[in-house]
Amino acid sequence: MVDFGDAERRILGYFKRGTQIFHNGKDLIVQEAGKPTCPQGEPKTDIYVLASDNMNFEEIKISYKKKNADFLENKTNAERAEQLFGSDWRLIIKKSTIGIQDSFERRIRIYKERFAKAEKGAITLGWKFELMNKPSGELSGNMALTQDQIYDVYAGTNLSDDKRNAFVNGRRIQDSGIADYILVSDRVSSAQDIIDQMIPMEEYARMHPHIYFACKALNYRTFEKKFDGDRPLAVQVAWSIEDGKLVSELIFDSPLELNGNEMANRLRQCMKLLGIETTDDISSDNADMNHVNER
């Protein structure tokens, strides 16, 4: 199977200088093509094409997705969320996660035994935040977005300046990182085939009026004393000690502002004070057992 990078390079390869295309009712000649880049992260445009007729130049800025792509964003942090959703990003994420609060409250938080993808000995620190083009799992739902905000997410209009005004072939080009079209295809045969298959971003946003979020657990593995990185958490599990027992509370008010390291340090401090090394040491004597799975 051709991976995304190879497919992207193949698409770009069709737009060699001098290639003829027909676009927006005009016969055009490709003058330049490249992949927009920036120092950190990525712009929304994957393929930038500059073409011209005898009168004018025209930019074609394409976001590319393979047909089986589920993720829209899969390592979302506060900076990226603001670029995607604008200044109200905290409220948007909070409204979305609180909309499925009951599902969070029902989740196991201490795994004395393996369950589904959580291994024996895991304790949940919180949940990471991902954007999807379809629901994914129990902790998933429809983002609380307007139609304009959905367009902004697809096109990248809220991106920071370095991503909006990306570099193409070593030259910074104004708004090159904001995509005007989207191509969702696994098969293309020519530059004209790409032009014929791509969809204007406004139309694509109307055709796909829902963007979904999915929250994936970040767990501290007590037997290994490890967790998978200092990832920002949309919903955090605040571990504390009450009446000599390990207890937890879910935090919805600080999306992506408390990370794995902070929550793990809180948990480890509580475990140390209670003499808990692994989940094998957890019992009704030293922990609230409402969110614990046992044999």
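- Annotation: Asn54, atom CG; neighbour count of heavy atoms from other residues, nucleotides and ligands within 6.0 Å does not exceed 12.
- A 6.0 Å sphere centred on NZ of Lys225 holds more than 12 heavy atoms belonging to other residues, nucleotides or ligands.
- In this structure, Leu258 is not a member of the same hydrophobic cluster as Val247, with clusters built from ILVMFWY side-chain heavy atoms closer than 4.5 Å.
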side-chain contact (heavy atoms from CB on, under 4.5 Å) between Leu145 and Phe85, intermediate numbers included:
CA-CA 8 Å; Leu145 298 173; Phe85 305 132; 3.8 Å; yes

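- Counting only heavy atoms from C-beta outward, the side chains of Phe22 and Asp196 never approach each other to under 4.5 Å.
- Using a 4.0 Å cut-off between a side-chain N of Lys or Arg and a carboxylate O of Asp or Glu, Lys26 and Glu58 qualify as a salt bridge.
- Taking hydrophobic clusters as Ile, Leu, Val, Met, Phe, Trp and Tyr residues chained together by side-chain heavy-atom distances below 4.5 Å, Tyr212 does not share a cluster with Leu131.
- The closest donor-acceptor contact from the side chain of Gln236 to the backbone of Leu233 lies under 3.5 Å.
- Between Gln20 and Asp27, the side chains place no donor N or O within less than 3.5 Å of an acceptor N or O (distance only, hydrogens not considered).
- Thr146 contributes a side-chain N or O that, together with a main-chain N or O of Gln149, makes up a donor-acceptor pair within less than 3.5 Å.
- Met263 is connected to Trp239 through a chain of hydrophobic side-chain contacts under 4.5 Å among Ile, Leu, Val, Met, Phe, Trp and Tyr, so both are in one cluster.
- Between the side chain of Lys35 and the backbone N or O of Val168, no donor-acceptor pair lies under 3.5 Å.
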Between Gln31 and Arg17, is the side-chain contact (heavy atoms from CB on, under 4.5 Å) condition met? List the steps.
CA-CA 5 Å; Gln31 302 298 327; Arg17 182 178 174 85; 3.4 Å; yes

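- Residues Lys95 and Leu91 are in side-chain contact: their nearest non-hydrogen atoms beyond the backbone lie under 4.5 Å apart.
- Side-chain atoms of Ser136 and Lys216 include a donor-acceptor pair closer than 3.5 Å.
- The aromatic rings of Tyr220 and Phe227 sit tilted, their planes meeting at an angle between 30° and 60°.
- To the nearest 0.5 angstrom, Met201 atom CE is 11.5 Å from Met207 atom CE.
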Pair Tyr204-Tyr151, ring pair (Phe, Tyr, Trp, His ring centres under 6.0 Å): steps then yes or no:
CA-CA 8 Å; Tyr204 185 82; Tyr151 169 79; over 10 Å; no

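- The shortest side-chain heavy-atom distance between Cys215 and Lys128 does not fall under the 4.5 Å cut-off.
- Shortest non-hydrogen contact noted between Leu72 and Met132 is CD1-O, 3.6 Å.
- Residues Glu277 and Met271 form no side-chain contact, since every pair of their non-hydrogen atoms from C-beta on lies 4.5 Å or further apart.
- The two residues Ser63 and Ala179 come nearest to each other via the heavy atoms CB-CB, 3.8 Å.
- Salt bridge annotation for Lys120-Glu113: present, with a cationic side-chain nitrogen under 4.0 angstrom from a carboxylate oxygen.
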List the steps, then state whether side-chain contact (heavy atoms from CB on, under 4.5 Å) holds for Val237 with Trp127.
CA-CA 8 Å; Val237 183; Trp127 290 269; 3.6 Å; yes

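- Test Val188, Ile195, Ile194 against Gln192 for side chain to side chain contact (heavy atoms under 4.5 Å, CB included) and you get one pass: Ile195.
- Counting only N and O atoms by type, the side chains of Asp288 and Asn290 include a donor and acceptor under 3.5 Å apart.
- Considering all non-hydrogen atoms of both residues, Leu274 and Lys245 come closest at CD1-C, 4.1 Å.
- Cluster membership check: Ile251 shares its hydrophobic cluster with Leu246, using side-chain heavy-atom separations under 4.5 Å among Ile, Leu, Val, Met, Phe, Trp and Tyr.
- No side-chain donor-acceptor contact under 3.5 Å links Asn219 to the backbone of Ala122.
- Under a 3.5 Å cut-off, the side chain of Thr124 and the backbone N or O of Gly126 do not form any donor-acceptor pair.
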Mind listing the side-chain donor-acceptor pairs of residues 157-164 below 3.5 Å, one per line with the distance, residues two or more places apart or on another chain?
unit_1, atom_1, unit_2, atom_2, d
Thr157, OG1, Asp152, OD1, 2.6
Ser160, OG, Gln83, NE2, 3.2
Ser160, OG, Asp162, OD1, 2.5
Lys163, NZ, Gln40, O, 3.2
Arg164, NH1, Thr157, O, 2.6
Arg164, NH2, Asp175, OD1, 3.2

What's the verdict on salt bridge (charged side-chain N to carboxylate O under 4.0 Å, His left out) for Asp46 and Lys65, showing C-alpha distance, side-chain angles and the deciding distance?
CA-CA 9 Å; Asp46 295 305; Lys65 303 290 182 189; 5.6 Å; no

side-chain contact (heavy atoms from CB on, under 4.5 Å) between Ile110 and Ile282, worked out:
CA-CA 9 Å; Ile110 297 175; Ile282 288 176; 3.8 Å; yes

Walk me through it: do Arg109 and Ser248 pass the test side chain to side chain donor-acceptor pair (under 3.5 Å)?
CA-CA 8 Å; Arg109 299 174 199 171; Ser248 61; 2.8 Å; yes

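- Taking the side chain as every heavy atom from C-beta outward, His291 and Arg107 never approach each other to under 4.5 Å.
- By the 30° and 60° cut-offs, the orientation of the rings of Tyr111 relative to Phe115 is parallel.
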Apply side chain to side chain donor-acceptor pair (under 3.5 Å) to Arg268 and Asn265, showing your working.
CA-CA 5 Å; Arg268 286 185 290 223; Asn265 288 338; 2.8 Å; yes

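- Residues Tyr181 and Ile150 do not share a hydrophobic cluster, defined by chaining ILVMFWY side chains whose heavy atoms lie under 4.5 Å apart.
- The shortest side-chain heavy-atom distance between Thr222 and Thr279 falls under the 4.5 Å cut-off.
- The pair Arg90-Asp253 does not meet the salt-bridge criterion, since no charged nitrogen lies less than 4.0 angstrom from a carboxylate oxygen.
- Side-chain atoms of His208 and Tyr154, non-hydrogen and from C-beta on, do get closer than 4.5 Å to each other.
- Between Leu256 and Trp89, the closest side-chain pair of non-hydrogen atoms falls below 4.5 Å.
- Atom CG of Asp180 is separated from atom CD1 of Ile199 by 14.0 Å, given to the nearest 0.5 angstrom.
- A distance-only check finds no donor-acceptor pair linking the side chain of Asn259 to the backbone of Asn261 [under 3.5 Å].
- Salt-bridge check for Glu32 with Arg171: passed, with a basic side-chain N closer than 4.0 Å to an acidic carboxylate O.
- Between the Thr45 side chain and the Ile47 main chain, no donor and acceptor come within less than 3.5 Å of each other.
- Here the CG-CG distance, from Asp228 to Leu218, works out to 6.5 Å after rounding to the nearest 0.5 Å.
- The two residues Gln147 and Pro209 make their nearest non-hydrogen contact at OE1-CB, 3.8 Å.
- Here the side chain of Ser96 pairs a donor or acceptor atom with the backbone of Ile92 at under 3.5 angstrom.
- Between Pro36 and Gly34, the shortest heavy-atom distance links the atoms CD-O, 3.5 Å.
- Between Arg206 and Glu202, none of the side-chain N atoms (NZ, or NE/NH1/NH2) sits under 4.0 Å from a carboxylate O, so this pair counts as no salt bridge.
- Residues Ile21 and Ala191 approach most closely at CG2-CB, 3.8 Å, considering heavy atoms.
- The environment of Gln101 atom CD is dense: over 12 non-hydrogen atoms of other residues, nucleotides or ligands sit within 6.0 angstrom.
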